[in-house]
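Quick note: numbers below take in every heavy atom, side chains included, and nothing from hydrogens, waters or symmetry partners. One is the number of the first residue; the rest follow in order along the sequence. Everything numeric here is computed off the predicted structure, so don't read it as measured data.
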Amino acid sequence: MAHRQPPALPAPASVRPYCPTIRETPASPVSRSRYRSLLPVLIGTTVCFSVARAADTPATTKPPVQQTAAQAQAVKPPRAEHIIVHRISDSAPGNQPGGGLIHLQDGVKSVSTVSQDFISKQAPMATAFQLASMLPGANVASSDPMGFSPNTNITVRGLDNSAIGYVLEGMPLNDVAYYSGTPSQFADSENYQEIALAQGSADLDSPVLNAAGGLMNLTFRDPAKKAGGDASVSYGSYNTNREFIRLDTGDIAHTGIRGFVSYSHGATDNWRGPGRDEKQHVDFKFLKEWGQGNRASLLGSFNTTITSWYPEPTMNSWKSDGIKGQNNLLAHYDSSNPENGANYWRLRRDGERTLYGGAPVHLTLTDRLSLDVTPYAQFAYGNWPGGSTMSTSGLYQGTQALSDTLNLPGAQDGVGVVRADYTQRSYRSGFTSALHYKTRWNDFVLGYWYDYGDDNEQQPFTAVQTNGYAPDIWAENGKDVIRLSNGERLLGGSFHTISQTNALFVGDHMSLLHDHLAIDLGFKAVMMSRDGTNSLPGPQYHVASNSMEPLPRLGVRWRIDGENQLFFNATTNFRAPDQTALYNTYDPSSGEMYGTGSTDVRNEYSISEELGYRRTGRWIIGSLTLFNYNFTNRQISTQAVQNGSIVSTTMNAGGQTSRGVDVEIGLRPWHHFSPYVSGEYLHATIDNDLMSGGDLLRTRGKIAVRSPTLQAAAGLSYDDGHIFGVATVHYTGHQYATFMNDERVSDHTTGDLAIGYRFSDHVHLHQPTLRMNFINITNEHYLSGVASPTLNAKDTTGVYGTTIAGSAPSYYIGGGFAALFTASTGF
């Protein structure tokens with residue numbers, strides 16, 4: 001503790017030394033290396049304080065008195081005064097506000113973040129959706145506790161997965177055809193530096209088209225400057241196992257290039273039915289930094305997985321069977337009954353392979369001019385099959401009748417079991433570029449984004465043997481699929497789409513009044529074209545659509561003082577419907593159309609506003625944001641069964657208005673404890689009656705689907721450098737599954753817990769760590785979200801008096817209780 005003398009008169013400004021202000025906080029246990037890093041600060045602080053005391057001592061008017069040598073020897077020198085100041089950055093491990101669930105913000109819009117302090121304490125296979133579930137506005141519906149299943153969804157302020165942009169260091173991750181994101185493909189959690197969720201809109205230069213629901217911006221950690229690595233092994237409930245290793249190269253041959261490559265393997269049983277999920281994943285990043293802020297990196301992810309299917313029940317089947325019975329697939333093949341045989345679990349395994357790659361570059365051209373360029377490429381292939389039955393004769397290829405008779409093993413009364421494959425092979429590449437010019441008060445930006453997409457989707461069929469075996473889960477081997485007498489494959493759909501996007505954007509960030517006032521102005525013009533072919537016989541062959549949308553934006557931030565801010569923004573967004581909206585689909589058993597495509601599709605357009613307040617105090621960091629959205633041609637993501645396969649599609653929900661408030665508060669660590677709370681109130685309503693057949697449903701004023709009125713989350717973290725833990729609880733209010741509000745999901749509350757111990761360094765091991773994660777600790781059985789909304793669940797009389805038949809929505813069943821043990825270490 002420092003002992004100070006009473007303050008003396010200040011020295012003149014011309015002689016008073018400059019000493020930086022350092023906030024004093026209670027000391028936290030730190031490693032020896034951290035003390036070494038603080039040593040220059042402590043010495044500098046002591047020197048500054050000593051010089052300041054000398055400068056502040058008042059001058060005397062008495063003439064100097066000469067002392068004899070003996071007197072000089074007798075006078076003792078003044079006693080040295082030592083001051084120890086402990087200061088740990090908010091970004092230091094174990095010291096992040098809210099346990100890593102909140103971060104200081106200074107922009108014109110609402111942004112919430114999750115950083116490594118929180119990520120490192122969660123289950124290592126947790127996805128970006130699960131990691132962001134505590135943030136305000138985020139509502140995550142999952143099917144399994146471990147995060148392997150692609151049967152998951154996230155809504156932000158009531159806007160679903162396909163309305164959110166996903167970007168990894170400037171590289172888009174959204175599906176080229178459906179806009180959705182599959183978080184288990186993105187990255188391993190150990191490699192995330194930060195996950196930032198901008199709830200209102202994407203950035204001006206973001207390479208996304210669909211982000212009315214906001215932007216999830218993912219950032220990799222930078223490679224370490226010294227060679228080393230990390231490794232972990234995990235084992236837990238449902239025979240779950242996972243292994244992870246990451247190697248850092250350090251400086252490669254004194255080139256200034258450093259990088260990391262990581263590999264993980266994981267597997268788990270289907271927690272409520274037959275089946276097993278398996279995943280292999282590779283992440284990499286190489287980085288070169290030089291000069292005045294120049295930076296170039298090469299990064300990417302490769303993922304391959306085969307997962308079992310979690311059936312999505314209707315409300316009636318949920319109430320009757322819960323997590324058992326008909327809400328699961330059959331563990332054994334029933335060859336005596338084709339209808340039962342089609343529900344065999346091996347016929348509904350999803351295989352997916354993805355490769356993402358990007359090369360973000362930042363160049364400082366002059367003191368005022370800089371250039372950002374990010375070229376990227378994406379490859380994806382997947383098969384999403386389903387068991388189905390098919391007639392052996394009377395078949396159709398599109399609308400063309402066939403004379404072929406199929407030889408299906410085990411067929412009964414002319415009907416056999418087939419695996420209805422649905423394959424998607426897509427390639428995407430492009431680049432973003434932004435030229436910045438800075439003046440005293442302005443940061444001008446001029447940019448261009450180009451994106452090229454090539455998407456090929458087909459639905460072949462594979463015969464099922466009498467023991468339930470259907471070869472090649474990837475449906476890549478042409479000899480295994482059903483072929484006709486002319487050698488062609490029997491297909492339920494075959495689309496090929498080329499899409500191109502050109503976007504020009506210009507903006508200015510103004511910093512005025514000593515940065516008390518910041519103003520962002522921006523304009524983006526997006527031109528999108530789609531050109532495709534439907535290769536099945538029928539009335540449709542060539543399809544095309546073209547869009548051009550102007551997207552202006554405005555943002556203002558006023559810094560009241562060093563701890564308080566106000567911000568406001570108004571942005572516009574647009575989204576074209578999914579590619580499936582363009583094409584006809586056919587039933588090979590009858591030649592009838594499952595769905596009718598149209599090139600007269602209407603783009604969703606939205607205008608959103610945010611008004612918010614931020615507090616960045618000594619202990620409390622928080623924000624409160626009011627928001628408002630107005631939509632026309634609101635696109636709702638849903639699912640459809642096409643010849644036994646479950647495929648994604650969209651429906652036009654007309655106009656919608658959404659208003660509400662988000663709040664989040666986090667505290668800096670106090671005695672190693674860091675609490676965090678967040679919440680949202682949402683009022684989202686449909687603005688008009690919706691068409692169903694030739695009549696109108698009375699939906700005006702109804703609550704929008706997937707829009708819970710209330711959500712709340714709370715977390716409490718503890719970390720003293722060795723012992724650590726985090727407890728979280730999340731409440732989600734009820735949400736409607738139909739536009740007529742005649743069926744809804746009940747509210748639910750879930751809780752998770754993590755505890756662990758971090759050892760000191762030992763020989764070559766850096767902080768060996770043991771931890772336990774408990775997921776859904778109370779083992780709640782609940783519906784976690786709406787998988788496929790419908791217009792109305794019950795028969796309804798329309799505006800014009802006709803009876804509109806009801807259609808049952810389907811739901812995600814939330815994952816059950818799971819426990820996972822992980823041992824990890826750096827080296």
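Remark: side-chain polar atoms of T152 are paired, donor with acceptor, to backbone N or O of A141 under 3.5 angstrom. Checking side-chain atoms of K279 against main-chain N and O of S184 turns up a donor-acceptor pair under 3.5 Å. Side-chain N or O atoms of S391 include none that pairs as donor or acceptor with a backbone N or O of G394 at under 3.5 Å. Checking side-chain atoms of S143 against main-chain N and O of Y812 turns up no donor-acceptor pair under 3.5 Å. The main-chain N or O of V705 is found under 3.5 Å from a side-chain atom of S707 such that the two form a donor-acceptor pair. The backbone N or O of A177 sits nowhere less than 3.5 Å from a side-chain atom of Q424 that would complete a donor-acceptor pair. Using a distance-only test at 3.5 Å, with no hydrogens or angles considered, a donor-acceptor pair links the side chain of R706 to the main chain of A787. Proximity of a side-chain donor or acceptor of N139 to a complementary backbone N or O of V156 within less than 3.5 Å is not detected. A donor-acceptor pair is defined here as one N or O able to donate and one able to accept, closer than 3.5 Å; no such pair exists between the side chain of S494 and the backbone of Q458. Distance alone, capped at 3.5 Å, is enough to place a donor-acceptor pair between the D144 side chain and the F148 backbone.
When all heavy atoms of H281 and A187 are compared, the pair lying nearest together is NE2-CA, 3.4 Å. The shortest heavy-atom contact between N486 and E488 is OD1-N, 3.0 Å. Nearest approach of L347 to G341, heavy atoms of both residues: CD1-O, 3.6 Å. Looking at every heavy atom in both residues, M390 comes nearest to P588 through CE-CG, 4.1 Å. Closest heavy-atom contact between R419 and V464: N-CG2, 3.7 Å. When all heavy atoms of P338 and V415 are compared, the pair lying nearest together is CG-O, 4.1 Å.
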* Let me see the working for L783 and M315 under side-chain contact (heavy atoms from CB on, under 4.5 Å), right down to the final yes or no. => CA-CA 9 Å; L783 296 177; M315 186 62 71; 3.9 Å; yes
* Test side-chain hydrogen bond (donor to acceptor under 3.5 Å, both in side chains) on Y811 and E743 and set out the steps. => CA-CA 11 Å; Y811 303 90; E743 192 169 292; 2.5 Å; yes
* Evaluate the side-chain hydrogen bond (donor to acceptor under 3.5 Å, both in side chains) criterion for residues Q280 and H265: first the C-alpha distance (whole Å), next the side-chain angles of each, then the deciding distance (0.1 Å), finally the verdict. => CA-CA 5 Å; Q280 297 184 77; H265 169 270; 5.8 Å; no
* Asked: When you look at Q397 and L484, which way does the side-chain contact (heavy atoms from CB on, under 4.5 Å) test go after all the steps?
  -> CA-CA 10 Å; Q397 185 83 307; L484 304 174; 4.0 Å; yes
* Working for side-chain hydrogen bond (donor to acceptor under 3.5 Å, both in side chains), residues Y731 and Q711 -> CA-CA 6 Å; Y731 168 81; Q711 291 188 87; over 6 Å; no
* Walk me through it: do W474 and T423 pass the test side-chain contact (heavy atoms from CB on, under 4.5 Å)? => CA-CA 8 Å; W474 299 95; T423 65; over 6 Å; no
* Decide yes or no on side-chain hydrogen bond (donor to acceptor under 3.5 Å, both in side chains) for Q122 and Q130, but give the supporting numbers first. => CA-CA 10 Å; Q122 305 307 301; Q130 292 170 312; over 6 Å; no
* Evaluation steps, side-chain contact (heavy atoms from CB on, under 4.5 Å), between L753 and V726 -> CA-CA 6 Å; L753 177 66; V726 56; over 6 Å; no
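For an aromatic pair to be called close, the ring centres must be under 6.0 Å apart, and F379 with Y427 fails this. F495 and Y583 have their aromatic ring centers within a separation under 6.0 angstrom. Centroid-to-centroid, the aromatic rings of F244 and Y263 stay 6.0 Å apart or farther.
Interatomic distance, CG of D175 versus CG of D455, reported as 7.0 Å (0.5 Å rounding). Atom CD of Q326 sits about 9.5 Å away from atom CG of N316, to the nearest 0.5 Å.
The aromatic rings of F817 and F774 sit parallel to each other, their planes meeting at less than 30°, with 60° as the upper class boundary. The aromatic rings of H781 and W271 sit tilted, their planes meeting at an angle between 30° and 60°.
S317 and T314 share a side-chain donor-acceptor pair at under 3.5 Å. Checked by atom type, the side-chain pair N270/R276 shows no donor-acceptor distance below 3.5 Å. Checking S485 against D404 by side-chain atom types alone, a donor-acceptor pair falls below 3.5 Å. A donor atom on one side chain and an acceptor atom on the other are found under 3.5 Å apart for N191 and R246. For the residue pair E592 and Y396, no side-chain donor N or O sits within less than 3.5 Å of a side-chain acceptor on the partner. If you check the side chains of D277 and S308, you find a donor sitting under 3.5 Å from an acceptor. Side-chain N/O atoms of S232 and S824 include no donor and acceptor closer than 3.5 Å. Looking only at atom types and distance, the side chain of S807 has no donor-acceptor partner in the side chain of T790 under 3.5 Å away. Side-chain N/O atoms of T155 and D160 include no donor and acceptor closer than 3.5 Å. For the 3.5 Å distance criterion, the side chains of T462 and D421 qualify, holding a donor opposite an acceptor. Inspection of the D350 and Y422 side chains reveals no N or O donor paired with an N or O acceptor under 3.5 Å. Inspection of the D454 and H496 side chains reveals an N or O donor paired with an N or O acceptor under 3.5 Å. One side chain, N151 or S149, offers a donor N or O that lies under 3.5 Å from an acceptor on the other. A donor and an acceptor atom, one from each side chain of D283 and S301, are located under 3.5 Å apart. Counting only N and O atoms by type, the side chains of Y192 and D188 include no donor and acceptor under 3.5 Å apart.
When each of V745, N776, D747, T732 is tested with Y782 by the rule side-chain contact (heavy atoms from CB on, under 4.5 Å), just one qualifies, namely N776.
For the pair R425 and E476, the salt-bridge criterion is met [side-chain N within less than 4.0 Å of a carboxylate O]. Looking at E190 and R242, a side-chain N of the basic residue comes within less than 4.0 Å of a carboxylate O on the acidic one, giving a salt bridge. Between K794 and D742 there is no salt bridge, since none of the side-chain N atoms of the basic residue sits less than 4.0 Å from a carboxylate O of the acidic one.
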